[in-house]
Amino acid sequence: MGLLNFLKKKKNPREELRKKLKNFELPYLPRAALLALEAIRDPKTSVKDIAQRVAADPGLHLKVLRTVNSAAFGLPRQVNNIEHAVALLGRARLESLLLPLAVKEALPPINTPCLDYKLFWLTAAKRGTLARKIAHALHPHYNVEAFSAGLLQDIAIPVILNTFHEKYCPVIDTWNNDPEIEILEIEKKTLGYDHQNVGHLMAEEWELPAYLTEAIAKHHFPEVEPGIFLSSFLKYNKETSQIEREIIIELAKEKFNLAPDAVNQMISQTEKEAQELAHIFL
């Protein structure tokens, strides 16, 4: 009986999102991406079959190859096809690469005074690139996962803006312009919850991997992968401000013992490399 009560009380992420977001209906991930992810997760599926699933959607196929060959992704050699990508990255890392492309297709477009589609994905690209670089320095085995989590940490922002742009735009503007402001605090005062809560529900509904769900739910806290946490201090600006740079450098040294010069160089490289990556998502 206790188990039945537990199951009855278990929250439905889609229903919780409807309650928070005025009956907003979260889109499903694209079918082509789901079929490719299903193949990647099935150990019985051959590399050739995985490649065929991805190639079935020419747009997805092209974006995977463009992403994996971008400077932001940081592979030492050119990848010519999906079979090569699976062999080089492994199934789990290819899944981490596919997920941001699938999620991007499911997010609502945004064009508000405080944030538009291009700036959102430019900032996401900067975060993913910086998270990968920091992970490479601290935990190289995790750099692809950090890349994906950095890209997707703010998946809730377009959804909240799409529903409450008049109420939420002042939150984004205040956070962008005041380095002393914690975005989670002003979100809770304005909405009663924060974008980490909404992102967590979205990740659960889409059944994203546990590492990604946790990173989205806690990216503003230092217990997540260091690169994900540090990249969350990059705000929605075309260029990283000196204040943002100083905050990231200081926290990287204080919490993770990273050399200031090395982190400064990572941020500068990120500014250049993210431009190319952002174009893939537009």
Side-chain angles (χ1 to χ4, degrees), residues 7 10-42 45 49-67 82 91-112 115-118 120-121 124-125 127-128 144-145 147-165 168 191 193-217 219 278 280-282:
L7 291 172
K10 191 175 180 183
K11 290 181 179 178
N12 179 314
R14 184 170 289 274
E15 196 57 44
E16 287 294 303
L17 284 167
R18 288 193 192 108
K19 290 177 185 176
K20 290 181 185 296
L21 300 170
K22 292 171 61 176
N23 292 320
F24 172 80
E25 198 64 45
L26 183 70
Y28 293 94
L29 295 180
R31 178 169 171 76
L34 286 174
L35 290 172
L37 289 167
E38 180 182 62
I40 290 168
R41 291 167 179 170
D42 183 355
T45 305
D49 286 342
I50 291 171
Q52 287 176 344
R53 290 276 187 99
V54 176
D57 183 331
L60 181 65
H61 186 194
L62 178 62
K63 285 180 178 178
V64 168
L65 291 179
R66 286 178 65 194
T67 302
I82 297 297
R91 290 170 183 251
R93 288 184 168 184
L94 182 61
E95 179 184 10
S96 292
L97 175 61
L98 267 174
L99 284 168
L101 297 170
V103 168
K104 179 258 174 188
E105 294 301 322
L107 289 178
I110 48 172
N111 185 20
T112 65
L115 184 62
D116 62 23
Y117 196 61
K118 288 184 178 180
F120 175 80
W121 284 109
R127 290 172 178 161
V144 176
E145 290 84 351
F147 174 81
S148 297
L151 268 168
L152 294 180
Q153 60 182 259
D154 269 3
I155 55 171
I157 298 284
V159 170
I160 299 172
L161 273 174
N162 188 265
T163 309
F164 299 118
H165 67 273
Y168 195 55
L191 302 170
Y193 52 82
D194 61 56
H195 70 282
Q196 290 186 147
N197 303 145
V198 175
H200 186 199
L201 290 169
M202 292 169 65
E204 285 189 325
E205 175 62 23
W206 282 333
E207 298 183 343
L208 301 186
Y211 82 87
L212 197 48
T213 299
E214 182 179 7
I216 291 167
H219 58 273
I280 296 169
F281 282 83
L282 296 175

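Each residue takes its place number in the sequence, starting with 1. Keep in mind that the numbers below use all heavy atoms, side chains included, and drop hydrogens, waters and symmetry copies. Being a predicted model, the structure only gives us computed values, none of them experimental.
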Atom CD of Gln52 and atom NE2 of His61: how far apart are they, to the nearest 0.5 Å?
11.0 Å
Derivation and outcome, side chain to side chain contact (heavy atoms under 4.5 Å, CB included), residues Leu212 and Trp206
CA-CA 11 Å; Leu212 197 48; Trp206 282 333; over 6 Å; no
Sidechain-backbone polar pair: Asp42 side chain, Ala39 backbone, donor-acceptor under 3.5 Å
no
Atom pairs and distances, side-chain donor-acceptor, residues 150-160, under 3.5 Å, sequence neighbours left out:
residue, atom, partner, partner atom, Å
Gln153, NE2, Gly150, O, 3.4
Gln153, NE2, Ser231, OG, 3.0
Asp154, OD1, His195, NE2, 3.0
Asp154, OD1, His219, NE2, 3.1
Asp154, OD2, Arg127, NH1, 2.7
Asp154, OD2, Arg127, NH2, 3.4
Asp154, OD2, Tyr236, OH, 2.7

Nearest 0.5 Å please: distance from the CG atom of Asn197 over to the CD1 atom of Ile216.
13.0 Å
pair Arg91-Ile50: side-chain heavy atoms closer than 4.5 Å:
yes
Is any side-chain heavy atom of Leu201 closer than 4.5 Å to a side-chain heavy atom of Lys20?
yes
Distance-only donor-acceptor pairs under 3.5 Å for side chains of residues 25-38, two or more places apart:
residue, atom, partner, partner atom, Å
Glu25, OE1, Arg18, NE, 2.9
Glu25, OE1, Arg18, NH2, 3.4
Glu25, OE2, Arg14, NH1, 2.9
Glu25, OE2, Arg18, NH2, 2.9

With rounding to the nearest 0.5 angstrom, report the CG to CD1 distance, Leu161 to Ile110.
5.5 Å
Minimum heavy-atom distance between Lys63 and Ile280, given as atom pair plus value
CE-O, 3.5 Å
Can you check whether Leu17 reaches Val198 side chain to side chain, under 4.5 Å on heavy atoms?
yes
Nearest 0.5 Å, please: how far is CG in Asn12 from NZ in Lys19?
9.0 Å
Straight-line distance of Phe120 CZ to Leu107 CG, nearest 0.5 Å
6.0 Å
Just by distance, no angles: are the side chains of Ser96 and Tyr211 close enough, under 3.5 Å, to form a donor-acceptor pair?
yes
Distance in Å, Arg93 CZ paired with Leu98 CG, rounded so as to fall on 0.5 Å steps:
15.0 Å
Would you say Thr213's side chain and Glu204's backbone share a donor-acceptor pair under 3.5 angstrom?
no
How close do Ile82 and Ala51 get, heavy atom to heavy atom, and via which atoms?
CG2-CA, 3.7 Å
Does Glu207 CD have over 12 foreign heavy atoms under 6.0 Å away?
no
Side chain proximity check, His200 to Glu214, heavy atoms < 4.5 angstrom
no
Is the shortest side-chain heavy-atom distance between Asn162 and Leu21 below 4.5 Å?
no
Closest heavy-atom pair, Ala56 versus Pro58, reported as atoms and distance to 0.1 Å, is O-CD, 3.5 Å
